[in-house]
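Worksheet: the structure to be examined is printed underneath.
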Amino acid sequence: MLDTTNVIFEMADDIVPKLDDKGVQKMDTRDTGLPMWTAPMFGRGRAIGRKWSGQLNVTIVSAEKPTAEDGDQVIPLDLEALPWVSEQNGKTRSGVAFKASGLDVVSAPMAAQAA
């Protein structure tokens, strides 16, 4: 689990189903059997001397689509960083995938709050 104490997360777009190559929603086959959702978000680290920012896609494993919307400030629940390596056609790729069990909405954008 990642420590998100000094990180601000904001939704960068709407949450969509995570699809396989045939356009079917993926299910978590390792742990829960629940549907998977893709939550694009911006992250900003704000610890003194270690500030950073980036855009990431977090896979949410949940029976229902999370309610967070574009622009909402959120807290990913049980956020995990999962390193991966893939080899295809003699080329090796690697990266980090992010997975969470849900999202807590901290605040909505000011325009949405006024409506």
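As a basis for the values below, the full set of heavy atoms in this structure was taken, side chains included, without hydrogen atoms, waters or symmetry mates. All residue numbers refer to positions in the sequence shown, counting from 1.
Residues Val24 and Leu19 have side chains not in contact (no heavy-atom distance under 4.5 Å, counting atoms from C-beta outward).
Considering all non-hydrogen atoms of both residues, Gly33 and Met27 come closest at O-CE, 3.5 Å. Residues Ala39 and Met11 approach most closely at CB-CE, 3.9 Å, considering heavy atoms. Between Ala100 and Pro76, the shortest heavy-atom distance links the atoms CB-CB, 4.1 Å. The two residues Ile60 and Pro66 have their closest heavy-atom pair at CG2-CG, 3.6 Å. Nearest heavy-atom pair, Ser94 versus Val85, reported as atom, atom and distance to 0.1 Å: CB-CG2, 4.1 Å. Taking each heavy atom of Gln25 and Pro35 in turn, the nearest pair found is NE2-CB, 3.6 Å.
Summarising the geometry, atom CH2 belonging to Trp37 is positioned 12.5 Å from atom CG belonging to Asp14; distances are rounded to the nearest 0.5 Å. The distance from the CD atom of Gln73 to the OG atom of Ser107 is 4.5 Å, given to the nearest 0.5 Å. Distance CD1/Ile8 to CZ/Arg46: 4.5 Å, rounded to 0.5 Å. Glu87 CD to Arg93 CZ: the interatomic distance, rounded to the nearest 0.5 Å, is 12.0 Å.
When Thr67, Val58, Ile15 are each tested for a side chain to side chain contact (heavy atoms under 4.5 Å, CB included) with Leu103, only one passes: Ile15. With Lys18 as the fixed residue, the side chain to side chain donor-acceptor pair (under 3.5 Å) test singles out one of Thr38, Thr59, Asn57: Thr59. Checked options Leu82, Leu79, Asp78; the residue passing with Lys99 is Leu82 (criterion: side chain to side chain contact (heavy atoms under 4.5 Å, CB included)).
If you chain together hydrophobic residues whose side chains sit under 4.5 Å apart, Ile75 and Met41 never meet in one group. Linking Ile, Leu, Val, Met, Phe, Trp and Tyr residues whenever their side-chain heavy atoms come within less than 4.5 Å places Phe9 and Phe98 in a single cluster. Follow the hydrophobic side-chain contacts under 4.5 Å out from Leu34 and you reach Met36 in the same cluster. No continuous path of hydrophobic side-chain contacts links Val74 to Val106 [ILVMFWY only; heavy atoms under 4.5 Å]. Hydrophobic cluster membership is shared by Val96 and Leu56, with clusters built from Ile, Leu, Val, Met, Phe, Trp and Tyr side chains linked at under 4.5 angstrom.
Within a 6.0 Å sphere centred on CD of Gln55, heavy atoms belonging to other residues, nucleotides or ligands number more than 12. No more than 12 heavy atoms of other residues, nucleotides or ligands shown are found within 6.0 angstrom of CD on Glu64.
At least one donor-acceptor pair under 3.5 Å links the side chain of Asp3 to the backbone N or O of Thr5.
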